Each structure stands twice: as structure tokens, then as C-alpha cells.
Undergrad: 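Could you have a look at this structure, given as C-alpha cells, before my questions?
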Amino acid sequence: MIDHRTAESLMAAAIDFPLSPDEQTALDAHLAGCDQCRTVGAQLRRHSLVLGEMATEGAPMRIRSAVEAAALQAGATNQRLMLLLAAALLAAAAIGGAMIVGSGLLDLDDLSINPAPTSPSAAPSAAPLPAELPTSGFAVVKVSELAVRAEPLASASQVGTLQQGDVVSILEGQAATDGLVWYRVRLGELIGWATARDGSTEWIGELPAPATAWVLRVQRQYPTGALNDMTVVLYPDGRLVTPGPSGWEQRRLTDEGTRLFVHEAVRSGLLEVNAEYVTEPPGYEGGYVSWSISVVAEQGPVMVRALSSSDAPEAALVVALAERLSALAVDPPTTWLVDADRAPEAPEALTYNLVVTPFGALSDFAPEQLLGDADVDTVVLPLPTSVLEIGDPALDGPSGARCASLTPDEAAALREAFYELGLARAENDLLYVAVRLRWAAQDSTVSLGLNAVGPGVDSCVNPYGGTG
Amino acid sequence: MASTRAAAVIAAYDDHQRELFSFLLATTRNRQVAEDLLQETFLRLVRETHAGRAPDNHRTWLFRVAANLAASRGRRVTVALRAMSRISDPDDAASPESGYLEQEQSRELDVALATLSVDARRAVLLSAHGFDGHEIAQMIGRTPLATRSLMWRARLQLRELLETTGGAR
């Protein structure tokens, strides 16, 4: 006959391992005459069950982002995409999943996308030169042909040629040699130094201020009835901005569920913007949506072109919608409302609308317009200044800490800053850092919160880096 | 091809991150460590998958890797934690997991689990995630006999704590 202790250990062991026939027989014999051990056995089994019902908790989004980036990077055949993802990974590692910011785009050059042509250290920079072109952003080539060289020297080897009208990214500037002023520029994959002027003639000049902005909106209707918006504002100078449930995004990475990579290339006067999104739409249990869209714009009509880098069903859908849009883009009406009549490989009950609204002039561009289209079942945007607040975006949601309330004047200034988002280049002294739209799903109201601004409201730490 | 592999990893993440993270949280009792180990687990999956060695059973593979990472990490930090616990306020010590501990049932269990060794804890938690004794033995790299012994001792220890402190009734 086994003792109590042995009986208990057998009962505990039996939870995970089958007992041998001998053990089972001995245990049964003991239990037949031992109420106490039967109670213990019941407790052991109950605890085992309770353990299986312990609360579970999902991991933070940034881990998914890192895993996904690593997965895509490992398998990427597209070098550009790979570098973008690597950049995102590096940024995430460097700043704990906070944000990429700054004055420009992700600097692919830092990742040696094209190691051959450049050698910045060779730039024999003389006295500091007055800034002429912004050292980030775009500029336009004004002469019929312009050599791109490996170094800022007229004698350096030529790595390519720019044509008149090419819109280049300014990566670095200025360097002065031989009486010439050089900038390091990028056109697509061509990177090198080009002469901007020789003292009197301007060969590369500022890009004329963009005349139009475009708003693309993808709406997702979930079976529950929940509506999820993804809005992208495209500026002809190449910047893409999107507001979403987790805030406005501009080339930034967050761990809160939405991230956006932007890569731009300008070819033959056309601007090509590739954006990749990974979103976690609310109410979409376990679902992550990833899609990519490419927009090609001239100074005028906008063509929307699809560039899929995702297998997600929604990506295919967005691509399909984009194709339909581009077919319509010859003479765009004021507003398109495109209903997807089918959702390829998507869950049955999802319906999609894509709304593209061209705005005539940037000064007309207002958040109200962005969200207030009458023909779209969507939120309204009352914008009393009293709801403007400066919050801490590190604290998401309505409970985000309020740093300061605004006077009407400040609010007006901030709204100016917001509009400047569409006008100004991404310069370090740009007031804008992030604009967050918050809405309460229940009562369909939206408040506009400006999460960080520059001088004048510097009690708010600029949480997104930069110099705010 | 490549994107299929990536998609498989991402799908595995979406399918299993929650239970794995909860498992790691309970095993390591440290949110930062659990996050690190979850990420490391999936980065290993990325490497395996990309090298053409995608596991047949993602779930088992992931739990095995996570359990082993937790154990090796646990051994390394045990000394440090022991030293820290003497000087830190118990409430502070619990705060990283406060969200996790809010559920009172979980709290009782967590306190009890904390008394187990990392090895015992991960075995019992693997069982809680549905693996049987032989699977667990394989996953933690022990013989079934040693695993069985480890686990019944752990279960009796848990029972003693839960029943004598009045918890989990």
C-alpha cells in the first residue's frame, strides 16, 4: 500500500504523464480509502485547469513590426524594399520603436544603396556658404543636361546625367570647388554630386511651390459595421501624409499599429511615391493589413498607380481600386467615390470605398474637408479651438496627457502650422511635428489635437525627435 | 517564394504571439525580458524559414524555442534578480507586470508560480498551453522521467501554496 505522499505525487504526475498500470492500480487502491487524497487530487486537477485559463496578453505592436521587417528583409528580392525595411528596423532598434523623423526621407544613402559614386569627405568645403537650396527636399534641373559626378569636383568621374525638368532630391549640400557650388542629389537610383550654379547661372533651382494636394481615402467597412479609414494626403513635392487611428503619419514608425514607409523617386519630371503601410485596424480581430500603393504625379493631374508588395487581400483590393482610379484620372472630377463591387479573396462582408478628392489650392486644404465629405458616411469634424490641445503622443488615446491648453491665437497659429504641412519642406525648424486626429467612435465626433509644435509652445517635448 | 516565407512567419506570429507572449511573461516574470525573448523567438523562426528549414509545426517549435530561451535567460538573470529583490519594494517589483496581475486569479497563480524554479515554471506553463508530458520533455530537453519528476513536484508545491494561502478557491 502506498502512502499519502506517494499517492499525491502520482496524482500530480498523472496530469502530464500516463501512469503505468501498476501505478494506476496502487493509486486507485489508496484513493478508495482516502478522502483526503481524493480532495488533493481534485485540487491538483483544478489548479492545472486554472493555469490554462490564466489571463493572456498580446505583445506590443513593435515586436510584430520588427519580426515582419526581418521576415520581409530576409526574403526580399527587391533591394529598395529591403533597404527601406532595414532602415525601419535600424530606426526601431535605435530609438526603441519611436519614430523616424527629421528633415527628410529615410536616408537610403546611409544604407549604402549606391556606395560607388559618393565620397562626401572629399568635399573640400571652404568658407560656409549661404544656404541656397534646402538640404532636404526637392529641386528641379534647369539646364538641358547636367552631369552627375562621383565627387564634388569638375574632374571627378561622371556617374550619370540629369535632364532639364528632372526633379531631384537634395541629399547634401553645399560644397564649393572650382568656383562651382555642388549638391549631392538623387534621382531614383542615381546618386552623385551636381553643380547647382557657377556663381551667376542657376542650374538647379527650387521646385515651384506645389499647386495641388490630393487626398486618397480608403474606407474599410467591417462586418460589425465599424468603419475604418485610411487617408493619404499626397503633395506633389513628394510627401505623403496619412492620418489614422494612431495619428498622422509622415515617414514615421510607431509601435502603435500604423507605420508608413515612403520612398520617392523622380523620373523624367514625374514624381513617384511608394508607400507601404502596415496597419492594425480597430475591430479587425487578429487582422493586420498591409498594402502598398504608388502614386505618380505631375504638376497637375495625378495618376494613381499600384505597386503591390504584399500578398494581403486588401493590398490586391487597393491595387485594383488604384487602377480604376488611374483610368479615371484623365480629367478628374472634384470627387470620386469608387465602390468596390467585389473584394478579391477578402472576407465576404467587407466593403470598400476609395475616395479621392483633389483640392485646387493648398490654401483650401483643411482638415474639415478631409473628413467632412457629405457623400461619405464618415465622421464630422467640429473644430472649436477649445478642443485643441497639445498632448503627449507617447500616451495614446483620450487619456493622453495634456501639456497645455491653447488660447485662440495659439490655436490659430497651430492651424497655420498644420496647413504648412502641405507647403513647407521638411525642415528642422518646421513647427509641425505631428497632428493627431482623435475620434470617439460612439458619438462620431472628432477633435483635432496637435501633439507637438515648435517655438512658442516649447513646454511640450517634441516626442518625435527633431528639434521642436 | 520569398514573400510566401515571409507571409508564413507573419501568419505564425499573428497566430501565436498572444499565447507565446503570455507564456513568456509568466515564465520570465519580466515584461522587458518577455518582449525580448518573443522577438528573438520569431527572429529565429525567420532565420530557420529563410534557410529552408521551416518547422512542420510552428506552434510546438515556437514554444520549444521560447521555453529554452526563457530558461537560459532565467539562469543568467537569477543572481541579479535575487540581489535586486532585497533592495526593491515588492510593489515596485510587481509593477511591470501589473496589467498582467490585475486579474486576481492570475495574481494568486503568479505568486505561486514565482516560487518555482524557471525550469519547473516553464514546464508547468507549457502544460497549461496544452502540451503533454512527453512533448514537454522533448521541448525542454529532458528525459520523460526527469520531466515527470520536475512537474509533479512543481504541481504539489503549487497546490500547497494555493491551498494554504487561501487562494484559488
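Below, chains carry the letters A, B, ... as their sequence lines are ordered, and counting in each starts from 1. Because the structure is predicted, anything quoted here is derived from the model rather than measured.
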Undergrad: Rounded to the nearest 0.5 Å, how far apart are CZ of A:Arg45 and CZ of B:Arg159?
TA: 12.0 Å
Undergrad: Quick one: does B:Leu162's side chain get under 4.5 Å of A:Gln43's, heavy atoms only?
TA: no
Undergrad: Using every non-hydrogen atom in the two residues, find where A:Val67 and B:Leu43 come nearest and quote the distance to one decimal.
TA: CA-CD2, 4.4 Å
Undergrad: Could you list the residues that satisfy ring-ring contact (aromatic ring centres under 6.0 Å, His included) with B:His129, not counting sequence neighbours?
TA: B:Phe23, B:Phe63
Undergrad: Dump the intermediate steps for side chain to side chain contact (heavy atoms under 4.5 Å, CB included) on B:Arg31 and A:Glu57, then the final yes or no.
TA: CA-CA 11 Å; B:Arg31 180 169 298 274; A:Glu57 181 177 340; 2.7 Å; yes
Undergrad: Assess whether atom CD of B:Gln138 is packed by more than 12 heavy atoms of other residues, nucleotides or ligands within 6.0 Å.
TA: no
Undergrad: What residues of residues 8-18 of chain A sit under 4.5 Å from chain B when only non-hydrogen atoms are counted?
TA: A:Glu8, A:Ser9, A:Leu10, A:Ala12, A:Ala13, A:Ile15, A:Asp16, A:Phe17, A:Pro18
Undergrad: Roughly how far, to the nearest 0.5 Å, is the CG atom of B:Leu158 from the CG atom of A:Leu51?
TA: 6.0 Å
Undergrad: Output the residues of residues 148-155 of chain B for which the shortest heavy-atom distance to chain A is under 4.5 Å, in residue-number order; output 'none' if no such residue exists.
TA: B:Arg148, B:Met151, B:Trp152, B:Arg155
Undergrad: If you round to the nearest 0.5 Å, how far is CG of B:Leu156 from NE2 of A:His47?
TA: 11.0 Å
Undergrad: Can you tell which part of B:Glu35 gets under 4.5 Å to a heavy atom of chain A, answering side chain, backbone, both or neither?
TA: both
Undergrad: Among residues at least two apart in sequence or on other chains, which ones pass ring-ring contact (aromatic ring centres under 6.0 Å, His included) with B:Phe21?
TA: none
Undergrad: Please answer whether the main-chain N or O of A:Ala59 pairs with a side-chain N or O of B:Gln17 as donor and acceptor at a distance below 3.5 Å.
TA: yes
